[in-house]
Amino acid sequence: MPEGHTIHRLAADLTPLLVDRMVAVSSPQGRFAADAALVDGCVLERIEPYGKHLWFWWGNGLVGHVHLGLFGRFRISTTGPSSRHAVRMRLATPEAIVDLSGPTDCSIGTADDRDRIVARLGPDPLRRDGRQEEAVARMLRRRTPIGTLLLDQSVVAGIGNVYRAEVLFVHGIHPARPANECTADELGAVWDSVRAMLRKGVRDRRIVTIDRRLLPTGRRLRRGDSTFVYHRERCLRCDTPIGTVTLGGRPCYFCPSCQPH
DNA sequence: CGTATATGGATAC
DNA sequence: TATCCCTATACGT
């Protein structure tokens, strides 16, 4: 679930439920209990998404940090606590209960702590302050494979393994190509595409990158098809067997035919 | 019941 | 580069 679109979707969903309210903060599972006590009963002033990070600005000046990692998940209930799951953090108002399980990080810190983390993030395509030129500059000056850079949160914040593969496919770029062998126009187009993909992900609440205009006319889609190359056996466009190359420590799926060296 | 897998990332070497 | 952590789910036995 969690690439940047998930985080921005969560901020939009949780804000009307929790912001400007006094929130009971607890940790049924226990590991967040000491931190929870620091903000329990405070008014939540703002929920801020940035890349794959989520910050909770509390009325007493403290700032909660959540990073879902690979397994983290929020469950929202308006009818009572959802049992059965290990709940690291519970945010409760009279109207709603928000349960967080499995995060890589869930902690309470200061605004400075938040700033230090944001300082090492690249621009986020889903934020108003996300600047295309900044991301292009960060990529263009390096000869690192573009597939590695797109996964590097200090270059662009919010892209994960699915969007990286899909956006490179859409532009016909082999993931191992050194970033500085791309043109500025090309990299700008990659930014624009991934921003559009992420926005669609926020709207749909899931990743669907397929654009029928990029497929041969008459190509039949199977139920559940959502990507061109990610986690597929064969390319959705040309049926060539999909390859993978490990970049940034994780397999990057690509079509050897549509994305030649 | 066990095992494999997953859209992430920090840390140790 | 390797290892570990966090959790849920799908699937095989």
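Lettering follows sequence order; numbering is per chain, from 1. Hydrogens, waters and symmetry mates play no part in the numbers below; they use all other heavy atoms, side chains included. It should be emphasised that the depicted structure is a prediction, and the values quoted were computed from it without experimental measurement.
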For A:Leu247, what are the other residues in its hydrophobic cluster, where any two members join if their side-chain heavy atoms are less than 4.5 angstrom apart? A:Val245, A:Phe254
Measuring to OP1 and OP2 of [N], would you say a side-chain N or O of [X] lies under 4.0 angstrom away?
X	N	result
A:Arg205	B:dT7	no
A:Lys52	B:dT7	no
A:His5	B:dT7	no

Counting distance only, does the side-chain N/O of A:Gln259 pair as donor-acceptor with the main-chain N or O of A:Ser257 below 3.5 Å?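 Not at all, since once roles are kept as given, no pair shorter than 3.5 Å links the two residues.
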Any donor-acceptor pair under 3.5 Å from A:His67 side chain to A:Gly69 backbone: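 Present.
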For residues 193-229 of chain A, pull every pair meeting ring pair (Phe, Tyr, Trp, His ring centres under 6.0 Å), keeping only residues two or more places apart or in separate chains. A:Phe169-A:Phe228
Without placing hydrogens or testing angles, list every side-chain donor-acceptor pair under 3.5 Å for residues 57-64 of chain A, not counting sequence neighbours.
unit_1, atom_1, unit_2, atom_2, d
A:Trp57, NE1, A:Glu48, OE1, 3.2
A:Asn60, OD1, A:Leu62, N, 3.1
A:Asn60, ND2, A:Leu38, O, 3.0

Pairs counted as Watson-Crick or G-U wobble with both distances under 3.5 Å: what dot-bracket string results for DNA chain B, using | for bases tied to another strand? ||||||.|||||.
Have a look at A:Arg120 and say if it touches a base, only the backbone sugar-phosphate, or nothing, with a 4.0 Å heavy-atom cut-off.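 Contact class for A:Arg120: sugar-phosphate only.
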Hey, can you pull the residues of residues 106-113 of chain A with a non-hydrogen atom under 4.0 angstrom from DNA chain C?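 Within this stretch, nothing sits under 4.0 Å of the strand.
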Does any pair with a residue in residues 157-172 of chain A pass side chain to side chain donor-acceptor pair (under 3.5 Å), and if so which ones, sequence neighbours excluded?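 Sorted result for residues 157-172 of chain A: A:Asn161-A:Arg164, A:Glu166-A:Thr209, A:His171-A:Ser193.
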Can you run down the side chain to side chain donor-acceptor pair (under 3.5 Å) pairs that involve residues 18-42 of chain A, sequence neighbours left out, and say none if there aren't any? A:Gln29-A:Arg88
Taking atom [atom2] of [N] as reference, at what distance in whole Å does atom [atom1] of [X] sit?
X	N	atom1	atom2	result
A:His53	B:dA10	NE2	C1'	12 Å
A:Leu247	C:dT1	CG	P	10 Å
A:Glu3	B:dG9	CD	C1'	14 Å
A:Asp152	B:dG9	CG	P	10 Å

Identify the residue among A:Arg90, A:Arg75, A:His85, A:Arg73 that makes a side-chain hydrogen bond (donor to acceptor under 3.5 Å, both in side chains) with A:Ser101. A:Arg75
Given the [atom1] atoms of [N] and [M], what is the spacing between them in whole Å?
N	M	atom1	result
C:dT1	B:dT7	C1'	22 Å
B:dA10	C:dA8	C1'	22 Å
B:dC1	C:dC6	P	22 Å

Output yes when A:Asp13 and A:Arg205 qualify as a salt bridge under the 4.0 Å nitrogen-oxygen rule, no when they do not. yes
When rounded to the nearest 0.5 angstrom, what distance separates CG in A:Leu18 from CG in A:Leu91?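 Going from CG on A:Leu18 over to CG on A:Leu91, the span is 5.5 Å.
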Results of salt bridge (charged side-chain N to carboxylate O under 4.0 Å, His left out) for A:Glu233 - residues two or more places apart only: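 Expected list: none.
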Taking salt bridge (charged side-chain N to carboxylate O under 4.0 Å, His left out) as the definition, give me every residue that meets it alongside A:Glu181, ordered by chain and number, with sequence neighbours left out.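 Not a single residue meets the salt bridge (charged side-chain N to carboxylate O under 4.0 Å, His left out) criterion with A:Glu181.
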What are the residues of residues 222-243 of chain A, sorted by number, that bring a heavy atom to within less than 4.0 Å of DNA chain B?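 Going residue by residue through residues 222-243 of chain A, the ones with a heavy atom under 4.0 Å of DNA chain B turn out to be A:Tyr230, A:His231.
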What is the per-nucleotide protein-contact pattern of nucleotides 3-9 of chain C, from the 5' end, where B denotes a base atom under 4.0 Å from a protein heavy atom, S denotes such proximity for sugar-phosphate atoms only, and - denotes neither? ---BBSS
Determine all donor-acceptor pairs shorter than 3.5 Å in which one atom belongs to a side chain in residues 183-192 of chain A; sequence neighbours excluded.
unit_1, atom_1, unit_2, atom_2, d
A:Thr183, OG1, A:Glu186, N, 2.9
A:Glu186, OE1, A:Arg177, NH1, 3.2
A:Glu186, OE1, A:Thr183, N, 3.1
A:Glu186, OE2, A:Arg177, NH1, 3.2
A:Asp192, OD1, A:Gln132, NE2, 3.0

State, to 0.1 Å, how close A:Gly122 and A:Tyr50 come at their nearest heavy-atom pair, and which atoms those are.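 Shortest heavy-atom separation between A:Gly122 and A:Tyr50 comes out as O-CE2, 3.7 Å.
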